[in-house]
Amino acid sequence: MKSRIMVLSLIAIFVLSACGQKTLGEPITLLNNKQEEVTFPLEKPTVFFFLTSYT
């Protein structure tokens with residue numbers, strides 16, 4: 001039962017990720033940990049890592 005739910009969840013994730021836009025209309029600008037703006041290029045694929053910590 002658990003494996004069936006896992007497989008259905010993975011299929012749903014793949015279908016939802018395939019339905020997105022292929023390209024963005026404008027660059028993405030985010031703030032880094034030093035409060036500096038970082039703009040990501042549109043020409044290359046980008047992987048985001050969001051790390052959360054409590055200090």
Side-chain angles (χ1 to χ4, degrees):
M1 185 67 180
K2 287 183 182 181
S3 62
R4 180 179 282 175
I5 293 172
M6 183 67 85
V7 169
L8 290 174
S9 298
L10 286 173
I11 291 172
I13 289 170
F14 289 135
V15 168
L16 289 174
S17 65
C19 294
Q21 297 176 345
K22 291 194 177 211
T23 59
L24 296 174
E26 57 189 45
I28 299 171
T29 303
L30 299 173
L31 294 175
N32 65 6
N33 60 345
K34 296 177 185 175
Q35 301 303 316
E36 300 169 344
E37 288 187 353
V38 178
T39 303
F40 292 95
L42 297 177
E43 298 84 29
K44 299 178 183 177
T46 305
V47 177
F48 293 100
F49 287 98
F50 293 99
L51 302 174
T52 58
S53 63
Y54 181 76
T55 57

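What you see below is based on every heavy atom in this structure, not just the backbone, and it leaves out hydrogens, waters and symmetry mates. This chain uses plain numbering: 1 for the first residue, then up along the sequence.
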Side chain to side chain contact (heavy atoms under 4.5 Å, CB included) with Lys2: which residues, sequence neighbours excluded?
-> none

Sorted by chain and number, sequence neighbours left out, side chain to side chain donor-acceptor pair (under 3.5 Å) with Ser9 holds for none

Which residues pass the side chain to side chain donor-acceptor pair (under 3.5 Å) test with Glu37, sequence neighbours left out?
-> none

Tell me, with the steps shown, if Thr29 and Phe40 meet side-chain contact (heavy atoms from CB on, under 4.5 Å).
-> CA-CA 6 Å; Thr29 303; Phe40 292 95; over 6 Å; no

Would you sort out whether Asn32 and Val38 count as a side-chain contact (heavy atoms from CB on, under 4.5 Å), showing the intermediate values?
-> CA-CA 7 Å; Asn32 65 6; Val38 178; 4.0 Å; yes

Shared ILVMFWY cluster between Val15 and Val7, side chains joined below 4.5 angstrom?
-> yes

